[in-house]
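Keep in mind that what you see is a predicted model, and the values were worked out from it rather than measured. In what follows, every chain begins at residue 1, and chains take the letters A, B, ... in the order their sequences are listed.
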Amino acid sequence: IKLFVHIVEYLPSSHTCIHPWFSLSAGQSYKQITPNCWTADNVLEWISDQVESTKFDANTLSLAYCTMDGPTLCEKNEDEMIEIFGPQLGPQLHQSLQEYKTKYETDRKKEFDYKDDYYLTSLTTEPTGDTESDTPRGTHLWEFIRDILINPERNQGLMKWEDRHEGVFKFLKSEAVAQMWGQKKKNSSMTYEKLSRAMRYYYKREILERVDGRRLVYKFGKNSSGWKIEEIGMGM
DNA sequence: CTCAAGTTTCCTGATT
DNA sequence: CAATCAGGAAACTTGA
C-alpha cells in the first residue's frame, strides 16, 4: 500500500504504468470473486462454509477429494458433485456453486483477467469477513469512483468526501485517478479531461448532481447507490 | 450483423 | 497562464 501511494504521488507527470500492487496477493475470500477464479484454498474455504452451514459431518469427507481449483470445480455437473461429495453434501454444493456463478455472471466486466479482477476486488472489499458477499466489482465509471471513495484505507490521497452524508466528494489527484480508470479500461491515454466529460454525462441521468463553483467536486445523485453509510457496513 | 448504452475523443468557449 | 467546466458531435467498445 505504501508503494502504491508512493507511485501515485508522482504519477501526473509521467506515463508510468501502475501495476505493482497487483501482486499483493493476500488472502482473498472466495465470496469476492467468481468461482472460476477460485484457488484450491478458496474452494476449500467454500466447502468448509457449506459444511458448517448444513451441519454436515465433515469426518465422512476426504480432504483429498476437496483439493481442486475453481476452474476444475466449475466443470463438475451435479452428478459428479454427488459422486465426489456424496448424496447429502453434493447437491448442496452444486446449488451453492450455481448461485455464486450466476451472481458473478451478471457482472459486466467478467471479461477482465484475473489481475484486474483482483485489483477491482481489492477496492470494493470490506475489511472483515462479513456474511454478505455483496457489492461485486463496479464496472462503470461512477462505480469505480465510488469504490475508491468507500475504501479510504487503500486509496489515501486520491479522492475524499466533502460531505459524506450528502454524497459530495472531491478529486484530490485527478490525473492519478484518471490513469487508474484508464488502466482498468486498458486505455493508457485516459486523462482527467476525458474522464470528466463522462462524469458530466451523469448529470442528465441523475447518477451525479451538479455542484457548481467547486472545482473537482461532484455529488452522487438519486440514481447512484452503494455509497451511503447505511448501504455499506452491514449486509442488508 | 444490428442496436443501444456508456463512454472516449475532440473541440470551442467560458470560468476560476 | 494552466486547470477546469460545459456540452455538442461523432467515433468506439461491448453485451444483448
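Between the side chain of A:R197 and the base of C:dG8 there is at least one donor-acceptor pair of N/O atoms closer than 3.5 Å. Residue A:Y192 places no side-chain atom within donor-acceptor reach of the base of C:dA2, judged by atom type and a 3.5 Å distance cut-off alone.
Following rounding to the nearest Å, A:L208 (CG) and C:dG7 (C1') show an atom-to-atom distance of 16 Å. Distance OH (A:Y201) to C1' (C:dA10): 9 Å, rounded to an integer number of Å. A straight line from NZ of A:K184 to C1' of B:dT7 spans 13 Å, rounded to a whole angstrom. Rounded to whole angstrom, the span from the OH atom of A:Y203 across to the P atom of C:dG8 amounts to 14 Å. Atom CE of A:M199 and atom P of B:dT9 are 17 Å apart (whole Å).
In this model, no donor atom of one side chain and acceptor atom of the other lie less than 3.5 Å apart for A:Y30 and A:D41.
In this structure, CH2 in A:W161 is found 11.0 Å from CD in A:E166, a value given to the nearest 0.5 Å.
Salt-bridge check for A:E162 with A:K170: failed, with every basic side-chain N at 4.0 Å or more from each acidic carboxylate O.
Contact between the side-chain N/O atoms of A:K185 and the OP1/OP2 oxygens of C:dT13 is not found at any separation under 4.0 Å. For the OP1/OP2 pair of C:dT4 and a distance below 4.0 Å, the side-chain nitrogens and oxygens of A:R214 include no atom meeting the criterion. The phosphate of C:dA6 (OP1 or OP2) has no side-chain N or O of A:S196 nearer than 4.0 angstrom. Residue A:K194 places none of its side-chain N or O atoms closer than 4.0 Å to OP1 or OP2 of B:dT8. Proximity of A:W142 to the phosphate of B:dG6: no side-chain N or O atom is located under 4.0 Å from OP1 or OP2.
Comparing A:R210 and A:S174, the nucleotide of DNA chain C nearest to each residue sits closer to the 5' end for A:S174. Along DNA chain B, the nucleotide nearest A:N187 and the nucleotide nearest A:R205 are compared for position; the residue whose nucleotide lies closer to the 5' end is A:R205.
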Could you list the protein-to-nucleotides 13-16 of chain B atom pairs, N/O on both sides, closer than 3.5 Å?
from: B:dT16; atom 1: O4'; to: A:R215; atom 2: NH1; distance (Å): 3.4
from: B:dT16; atom 1: O2; to: A:R215; atom 2: NH1; distance (Å): 3.0

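No single ILVMFWY cluster, assembled from side-chain heavy atoms under 4.5 Å apart, contains both A:L195 and A:V211. Under the 4.5 Å side-chain heavy-atom criterion for grouping Ile, Leu, Val, Met, Phe, Trp and Tyr, A:L141 is not connected to A:Y201 through any hydrophobic cluster.
Ring centers of A:Y202 and A:Y218: at least 6.0 Å apart, outside the cut-off.
Note on A:F171: nothing from the nucleic acid sits closer than 4.0 angstrom, heavy atoms only. At the heavy-atom level, A:L195 lies nowhere under 4.0 Å from the strands shown.
The closest donor-acceptor contact from the side chain of A:N223 to the backbone of A:R205 lies under 3.5 Å.
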